[in-house]
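Along the sequence shown, the residues carry numbers beginning at 1.
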Amino acid sequence: MTMNKKDLQVIQNSPLFAGMTEEELQDALTALHARRKEYPKDELLLMAGDLTNDLGLVLSGSVTIESNDIWGNRTIITHVSPGDYYAEAFSILPGEPAYVDVRANEPTAVALFDLSGLSELRKAFPSWLTGLFSNLLTISIRKNMLLAQRSFHTSPKTARGRVCAYLNSIALKKHKTEFDIPFDRQHMADYLNLDRTALSKELGRMRDDGLISFHKNHFRILNGEQLDSLI
């Protein structure tokens with residue numbers, strides 16, 4: 001499917017192509033066989049065990065990176081929004097199967113870039129290649145930081161501690177105490193490794209205790225000092 005003007009703008013502003021001229025960008029998109037795909041809500045873009053050479057960039061919509069076991073238990077590892085990437089490690093390492101599922105969280109469009117020819121491109125060494133490798137490294141480091149951050153969100157033993165750790169990190173990232181989170185209740189529960197009913201009850205108790213207010217995925221921290229002490 002052909003890229004439109006809006007898609008190209010998302011691609012140009014994304015971390016992978018940072019610092020490239022328009023000519024270098026077009027050369028890179030051609031060399032990486034860039035293409036657009038669309039997925040309906042809940043469709044799998046990538047399944048655990050799959051092999052892929054494609055690095056994915058979310059153009060619109062969003063995806064969740066999930067771990068699903070044979071008993072039907074789901075753990076959400078992270079949420080990928082427009083302008084962010086997924087499958088960077090699996091696309092770079094040949095023969096390394098995916099160990100997670102990538103699922104469309106809503107109707108979603110992605111750009112796919114085939115990284116299988118990078119070793120051949122090194123022989124020709126186009127002007128944009130050094131920047132691409134540097135940008136890939138940056139993307140991988142940022143993803144590792146996100147995974148490490150999730151471990152801080154799920155390490156508290158109590159439901160309240162996990163909710164506090166998560167909301168605190170969002171507030172720090174956005175530099176404000178009122179914000180939207182990318183999850184609905186079920187996704188938030190799966191991300192924090194909590195039962196949905198237990199999460200809903202704890203959120204209600206935290207609201208009654210004057211710590212937070214919320215409506216759907218919109219949250220406001222009312223007592224930041226007390227919230228920090230609960231993590």
Between [X] (side chain only) and [Y] (backbone N and O only), is there a donor and an acceptor less than 3.5 Å apart?
| X | Y | result |
| --- | --- | --- |
| D195 | T197 | yes |
| N217 | P182 | no |
| R162 | N193 | yes |
| R207 | S213 | no |
| D190 | I76 | no |
| R220 | I212 | no |

Return the minimal non-hydrogen interatomic distance between [X] and [Y], and the atom names on each side.
| X | Y | result |
| --- | --- | --- |
| L32 | L118 | CD2-CD2, 4.1 Å |
| S60 | P82 | CA-CG, 4.0 Å |
| G83 | S14 | O-CB, 4.1 Å |
| Y85 | L57 | CE2-CB, 3.6 Å |
| A165 | P156 | CB-CG, 4.4 Å |
| L55 | A87 | CD1-C, 4.2 Å |

Applying side-chain contact (heavy atoms from CB on, under 4.5 Å), run through Q12 and L25 and close with a yes or a no.
CA-CA 7 Å; Q12 189 170 24; L25 174 63; 3.9 Å; yes

Not counting sequence neighbours, list each pair that qualifies as a side chain to side chain donor-acceptor pair (under 3.5 Å) and has a residue in residues 43-59.
R35-D54

For H79, all residues meeting ring pair (Phe, Tyr, Trp, His ring centres under 6.0 Å), sequence neighbours excluded:
F183

Residue list, ring pair (Phe, Tyr, Trp, His ring centres under 6.0 Å) with F133, at least two apart or on another chain:
none

So [Y] and [X], do their side chains get closer than 4.5 Å, heavy atoms only?
| X | Y | value |
| --- | --- | --- |
| S62 | E106 | yes |
| L29 | M3 | no |
| E202 | L192 | no |

In this structure, is the centre-to-centre distance between the rings of Y166 and F219 below 6.0 Å?
no

Side-chain heavy atoms under 4.5 Å apart, restricted to Ile/Leu/Val/Met/Phe/Trp/Tyr: what other residues fall into the cluster of I70, or is it alone?
W71

To which residues is I77 joined in a hydrophobic cluster, defined by side-chain heavy-atom contacts under 4.5 Å among Ile, Leu, Val, Met, Phe, Trp and Tyr, whether direct or through other members?
Y39, L45, L46, V58, V63, I65, V80, Y86, F90, Y99, V100, V102, V110, L112, L147

[X], [atom1] atom: more than 12 neighbouring heavy atoms under 6.0 Å:
| X | atom1 | value |
| --- | --- | --- |
| R142 | CZ | no |
| R122 | CZ | no |
| E178 | CD | yes |

Between E66 and N68, does a side chain to side chain donor-acceptor pair (under 3.5 Å) hold up when you go through it step by step?
CA-CA 6 Å; E66 315 174 350; N68 294 283; 3.1 Å; yes

Run H187 and T64 through side chain to side chain donor-acceptor pair (under 3.5 Å) and show every step you take.
CA-CA 9 Å; H187 286 164; T64 51; 5.3 Å; no

Show every donor-acceptor pair shorter than 3.5 Å between a side-chain atom in residues 124-132 and any protein atom, with sequence neighbours excluded, or say none if there are none.
residue	atom	partner	partner atom	Å
S127	OG	E24	OE2	2.8
W128	NE1	D27	OD2	2.8

Evaluate T21 against E23 for side chain to side chain donor-acceptor pair (under 3.5 Å), listing each step before the verdict.
CA-CA 5 Å; T21 65; E23 183 178 353; 5.4 Å; no

